[in-house]
Amino acid sequence: MESATSISEILSGKKVNEDVTIRGWLHNKRSSGGIHFFIVRDGTGVIQCTIKKDRVAEDVFDAAKKITQESTMEIRGVVKEDQRAPGGYEIQACDMKILHLAEEGFPVAKKYHGPDFLLDHRHLWIRSQKMQRILRVRAGMLRAAREWLDQNGFTEFHAPTLISAACEGGATLFTVKYFDGEAYLTQSWQLYAEAAIASLGKIYTIAPSFRAEKSKTRRHLTEFWHLEVEVPWCDLEGIMKIEEDLLTYILHSLAERSARDLEALGRQPGDLLKINPPFPRITYDEAVEMLNRDGVKFEWGNDLGWIEEKRLTLKFDKPFFVTHYPRSAKAFYHKPDPRRPEVTLSADLLAPEGYGEITGGGQRIENINDLLDRIRENNLNPEDYKWYIDLRRYGSVPHAGFGLGVERTVAWVCKLNHIRDAIAFPRLINRIYP
Ligand code: NSS
């Protein structure tokens with residue numbers, strides 16, 4: 001097909017007074033007298049097109065009168081600057097071709113719909129301006145992440161999705177039939193990443209992870225995208241430094257390149273530009289003290305839940321680390337602190353404004369006996385982890401890593417109320433359609 005001009009190019013102001021052809025979907029329409037105002041969407045943005053009776057052929061004007069929302073079309077016309085038009089530009093049409101006339105009654109109309117209705121019609125709701133913006137910010141976030149990781153010497157590595165042993169505990173494992181036996185869906189690439197650092201050095205992945213989360217919350221999906229990093233010759237402080245530099249790069253890049261989308265979502269790009277390393281660091285012990293001082297009853301040894309995290313996030317105006325979680329609150333691979341073995345060399349990064357945990361990670365155990373102790377302490381079967389234990393026999397090295405929840409981070413950056421809107425087709429305990 002012949003190429004068309006993208007709406008984003010027109011909105012950037014480079015096409016004023018030029019003849020253009022755009023292709024897109026009729027997002028909505030109003031008419032007054034001898035003029036139809038179309039809002040057309042092409043995936044890069046939306047623009048107003050005016051179709052005036054005296055500027056187009058009669059059959060085109062009549063077709064414009066009858067056209068339904070979501071019909072696909074090609075419009076030719078001249079670009080004009082117009083402050084009254086959304087985005088500041090409009091196309092004064094001289095011709096229009098309808099490619100597909102949509103059926104009447106597009107289900108996702110402009111009126112209010114409840115969340116369940118919108119989730120049932122997700123395949124259509126992703127066309128909404130709100131979802132377009134979120135999905136573009138999400139893509140921008142991953143683009144920036146890859147840029148930073150590639151520029152800083154990390155190699156992309158892919159771990160399997162079908163696995164045979166848990167990384168983050170059995171409670172959230174999805175079991176799948178695997179021929180005559182059973183397999184699981186991966187919760188994290190981590191164990192395989194620890195193998196791959198001896199092959200490739202510093203590595204990362206951006207891939208789906210799966211957790212059979214049995215509770216309904218605003219921050220859990222059963223399938224989420226996981227940006228994970230693993231680094232040899234790295235300790236807890238080293239991995240926190242990587243996390244804060246990477247996240248800062250992502251936030252600044254979004255502020256610069258996705259400003260219009262962010263503003264429309266209610267996020268001021270300036271909020272993101274203000275965030276710079278170092279991020280504050282508090283220990284788990286300090287977090288517990290803060291909570292107790294606030295009258296929140298919380299017992300040392302438990303993992304922080306969202307109520308506790310929310311409380312803590314109100315005390316910071318930028319992301320902050322909570323470090324040194326008790327070994328009882330963390331998975332078996334976390335290295336106990338040699339100076340205080342009841343806590344681990346772990347760190348979660350919490351986003352401010354009530355959002356809470358967006359990354360989890362820390363330093364791994366490099367000594368074989370310490371690892372075997374932790375495996376047994378967690379009632380796991382060393383047989384299931386034979387190959388993982390092998391890594392401590394051949395070329396063991398201090399190493400650390402983390403996993404960032406892509407949707408949690410998108411939810412915070414875009415100020416979303418619920419994690420489900422940070423992904424096009426959310427998978428939740430009660431939803432796997434569409
Ligand atoms: O369980 S984590 O805290 N850590 C790991 O999986 C490590 N094995 C990662 C690593 O070191 N390579 O999960 C990491 C992040 C967590 O901070 C959340 O942001 C996100 O993954 N996460 C989730 N997002 C959405 N939904 C669910 N259910 C979920 N679980 C974790």
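In what follows, every heavy atom counts, from backbone to side chain, and hydrogens, waters and symmetry copies are set aside. Every number for a ligand or one of its atoms is a count from 1 in the order of the listing.
- The shortest contact between atom 17 (O) of ligand 1 and any protein heavy atom is with Glu357 OE2, 2.5 Å.
- For ligand 1, the atoms closer than 4.0 angstrom to any heavy atom of Arg219 are 25 (C), 26 (N).
- On a distance-only criterion, Gln187 and ligand 1 share no N/O pair closer than 3.5 Å.
- Remark: minimum distance from atom 15 (C) of ligand 1 to any protein heavy atom is reached at Gly403 O, 3.5 Å.
- Aromatic ring centres of Phe210 and Tyr184: separated by at least 6.0 Å.
- Between Glu213 and ligand 1, a contact under 3.5 Å exists for at least one N or O pair.
- Under the 3.5 Å distance criterion, with hydrogens and angles disregarded, a donor-acceptor pair is assigned to the side chains of Glu168 and Tyr333.
- Between Phe224 and ligand 1, no pair of N/O atoms sits closer than 3.5 Å.
- Donor-acceptor pairing under 3.5 Å is recorded for the side chains of Tyr325 and Asp348.
- With 3.5 Å as the limit, one finds no donor-acceptor pair spanning the side chains of Glu366 and His399.
- Under the 6.0 Å cut-off for aromatic ring centres, Trp387 and Tyr192 qualify, their centroids lying closer than that.
- Donor-acceptor pairing under 3.5 Å is recorded for the side chains of Thr172 and Gln187.
- In summary, the side chains of Glu243 and Thr359 do present a donor paired with an acceptor at a separation below 3.5 Å, with no hydrogens or angles considered.
- Looking at His220 next to ligand 1, no N or O pair under 3.5 Å apart turns up.
- Of the protein's heavy atoms, Glu168 OE2, 3.2 Å lies nearest to atom 5 (C) of ligand 1.
- Ring pair Tyr284/Trp300 is perpendicular by interplanar angle, where above 60° counts as perpendicular and below 30° as parallel.
- Taking any N or O of Val229, backbone or side chain, none lies under 3.5 Å from an N or O belonging to ligand 1.
- Atom 18 (C) of ligand 1 has its closest protein heavy atom at Arg408 NH1, 3.6 Å.
- For the residue pair Glu194/Gln190, the side-chain donor-acceptor check at 3.5 Å is satisfied.
- Heavy-atom contacts of Ile358 reach the following atoms of ligand 1: 17 (O), 19 (O) (cutoff under 4.0 Å).
- The residue from Gln190, Glu228, Arg211 that puts a heavy atom closest to atom 6 (O) of ligand 1 is Arg211.
- Using a 4.0 Å cut-off to heavy atoms of Ile419, the atoms of ligand 1 that qualify are 25 (C).
- Between Gln363 and the choices Asp337, Leu236, Ile239, Thr344, the side chain to side chain contact (heavy atoms under 4.5 Å, CB included) rule is met once, by Leu236.
- Here the two rings, on His226 and Phe224, have centers that are under 6.0 Å apart.
- Contact atoms of ligand 1 toward Thr359: 17 (O) (distance under 4.0 Å to a heavy atom of the residue).
- Checked against a 3.5 angstrom limit, the closest N/O atoms of Cys167 and ligand 1 fall outside it.
- Near Arg364, meaning under 4.0 Å from any of its heavy atoms, are these atoms of ligand 1: 10 (C), 11 (O), 12 (N).
- Under the 4.0 angstrom criterion for non-hydrogen atoms, Asp348 is not in contact with ligand 1.
- What sits closest to atom 26 (N) of ligand 1 on the protein, heavy atoms only, is Leu221 N, 3.0 Å.
- In this model, no donor atom of one side chain and acceptor atom of the other lie less than 3.5 Å apart for Ser215 and Thr217.
- The side chain of Tyr333, and not its backbone, has at least one atom closer than 4.0 Å to an atom of ligand 1 (non-hydrogen atoms only; side chain from C-beta on).
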